[in-house]
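Some notes on the structure that comes next.
Being a predicted model, the structure only gives us computed values, none of them experimental. Lettering of chains follows the sequences in order, A, B, ..., and the numbering in each one begins at 1.
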Amino acid sequence: MGAKNFWLMKSEPTAYSFEQLKSEVDQTAEWDGVRNYQARNLLRDEIKVDDEVLFYHSNAKPTGVVGTATVVRSGYPDFTAWDPSSDHPAPKSTEDNPIWFMVDIKAGVTFKRIVTLKEIRSNDLLKDMVLVNNSRLSVQPVTKSEFDIILGMSGTTID
DNA sequence: GCCAACGTTGGC
DNA sequence: GCCAACGTTGGC
């Protein structure tokens, strides 16, 4: 068994917020709708059960990390792709030959205070984060140290 | 709402 | 395989 890895997942809170995740049964949801190959590769191949996730609100006021989540199911085909009534239909992906993948995540801790993108950008220890350098990737790797620094900045303790 | 940065598509 | 046109993301 490999070591635990760390990720950052973005969502526009008007589309799907951390509060919505927390209100789900078991506080667990399918992370569907990702339609970017780089992010898909991570979802399909790299993101494993028990990995930790920073939940980031994009296009929000303010933008930033609002909490954590844990991966509870590793990559499997995103069946919303071949559902024409879904929010993200992608008919080239079929049940027999899926293109897009998703994982399931469960809400973890809610940050006492949001760690804003501005704060992340101004912290020299976080200058190599993908978020700072390739802001468009919606699922991205973070290091354990980056994860711990952001958790620390949130003033939140895990007991 | 604007627009820069980036990803995807498709003509050649 | 190149690259122009187009679409999307997401900060501001």
Side-chain angles (χ1 to χ4, degrees), chain A residues 5-24 29-47 51-69 71 74-105 107-143 145-156:
Chain A
N5 287 309
F6 299 86
W7 312 95
L8 181 146
M9 294 184 184
K10 290 197 270 192
S11 184
E12 301 196 17
T14 53
Y16 192 86
S17 69
F18 191 60
E19 288 68 33
Q20 275 173 276
L21 176 62
K22 288 196 294 179
S23 72
E24 304 278 2
E30 295 154 348
W31 202 249
D32 64 5
V34 173
R35 302 288 182 261
N36 168 283
Y37 285 102
Q38 217 179 329
R40 184 282 308 267
N41 291 345
L42 298 175
L43 291 168
R44 186 188 58 190
D45 304 330
E46 306 291 336
I47 301 179
D51 284 0
E52 299 281 341
V53 174
L54 295 172
F55 198 108
Y56 179 91
H57 278 171
S58 62
N59 252 315
K61 285 185 178 183
T63 62
V65 181
V66 294
T68 70
V71 177
S74 62
Y76 62 106
D78 180 349
F79 51 77
T80 69
W82 54 82
D83 174 1
S85 67
S86 83
D87 290 337
H88 309 275
K92 282 187 193 167
S93 185
T94 63
E95 195 162 3
D96 289 339
N97 194 9
I99 297 172
W100 303 114
F101 286 73
M102 61 186 174
V103 300
D104 290 356
I105 62 171
V109 299
T110 305
F111 282 1
K112 280 186 180 150
R113 47 180 300 281
I114 185 170
V115 178
T116 65
L117 178 60
K118 193 177 177 187
E119 291 173 292
I120 291 170
R121 282 193 189 282
S122 60
N123 188 328
D124 200 52
L125 295 171
L126 301 176
K127 67 174 167 32
D128 292 328
M129 279 188 75
V130 177
L131 183 69
V132 173
N133 296 291
N134 173 15
S135 66
R136 292 191 54 184
L137 194 58
S138 66
V139 176
Q140 52 182 256
V142 302
T143 66
S145 131
E146 288 162 351
F147 185 93
D148 290 342
I149 289 167
I150 287 176
L151 187 61
M153 290 163 77
S154 77
T156 312

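Atom CD1 of A:I99 and atom C1' of B:dT9 are 14 Å apart (whole Å). If you measure from atom NZ of A:K61 to atom P of C:dC12, you get 13 Å, rounded to the nearest angstrom. Remark: C1' of C:dT9 and CG of A:L117 are 14 Å apart, rounded to the nearest angstrom. Between the CD atom of A:Q140 and the P atom of C:dT9 there is a distance of 15 Å, rounded to whole Å. Residue A:H57 contributes atom NE2, which lies 17 Å from atom P of C:dT9 at whole-angstrom precision. Between the CD atom of A:E119 and the C1' atom of C:dG11 there is a distance of 16 Å, given to the nearest Å.
Heavy-atom nearest nucleotides on DNA chain B were determined for A:N133 and for A:N59, and the one closer to the 5' end corresponds to A:N59.
Side-chain contact between A:V139 and A:I47 is present, with at least one heavy-atom pair separated by less than 4.5 Å. Using a 4.5 Å heavy-atom cutoff, the side chains of A:I120 and A:V115 are in contact. Side-chain contact between A:L151 and A:E52 is absent, with no heavy atoms from C-beta onward closer than 4.5 Å. You'll find the side chain of A:R136 stays beyond 4.5 Å of the side chain of A:N36, heavy atoms only.
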Read 5' to 3' with Watson-Crick or G-U pairs under 3.5 Å, [ ] for crossing pairs and | for partners on another strand, DNA chain B gives ||||||||||||
Stepwise, does the salt bridge (charged side-chain N to carboxylate O under 4.0 Å, His left out) test hold for A:R35 with A:D78? CA-CA 10 Å; A:R35 302 288 182 261; A:D78 180 349; 2.9 Å; yes
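Using a 30° and 60° split on the angle between ring planes, A:W31 and A:Y16 fall in the perpendicular class, above 60°. The aromatic rings of A:Y76 and A:F79 sit tilted, their planes meeting at an angle between 30° and 60°.
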What pairs of donor and acceptor atoms, side-chain ones from residues 94-101 of chain A against any protein atom, are under 3.5 angstrom apart with sequence neighbours left out?
from  : atom 1 : to    : atom 2 : distance (Å)
A:T94 : OG1    : A:N97 : N      : 3.0

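Phosphate proximity of C:dG11 to A:Y56: present, with a side-chain N or O under 4.0 Å from OP1 or OP2.
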Filtered N/O pairs between nucleotides 1-8 of chain C and protein, under 3.5 Å:
from  : atom 1 : to     : atom 2 : distance (Å)
C:dT8 : O2     : A:R136 : NH2    : 2.9

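Scanning both residues, A:S93 and A:A81, for their nearest heavy atoms gives CB-CB, 3.8 Å.
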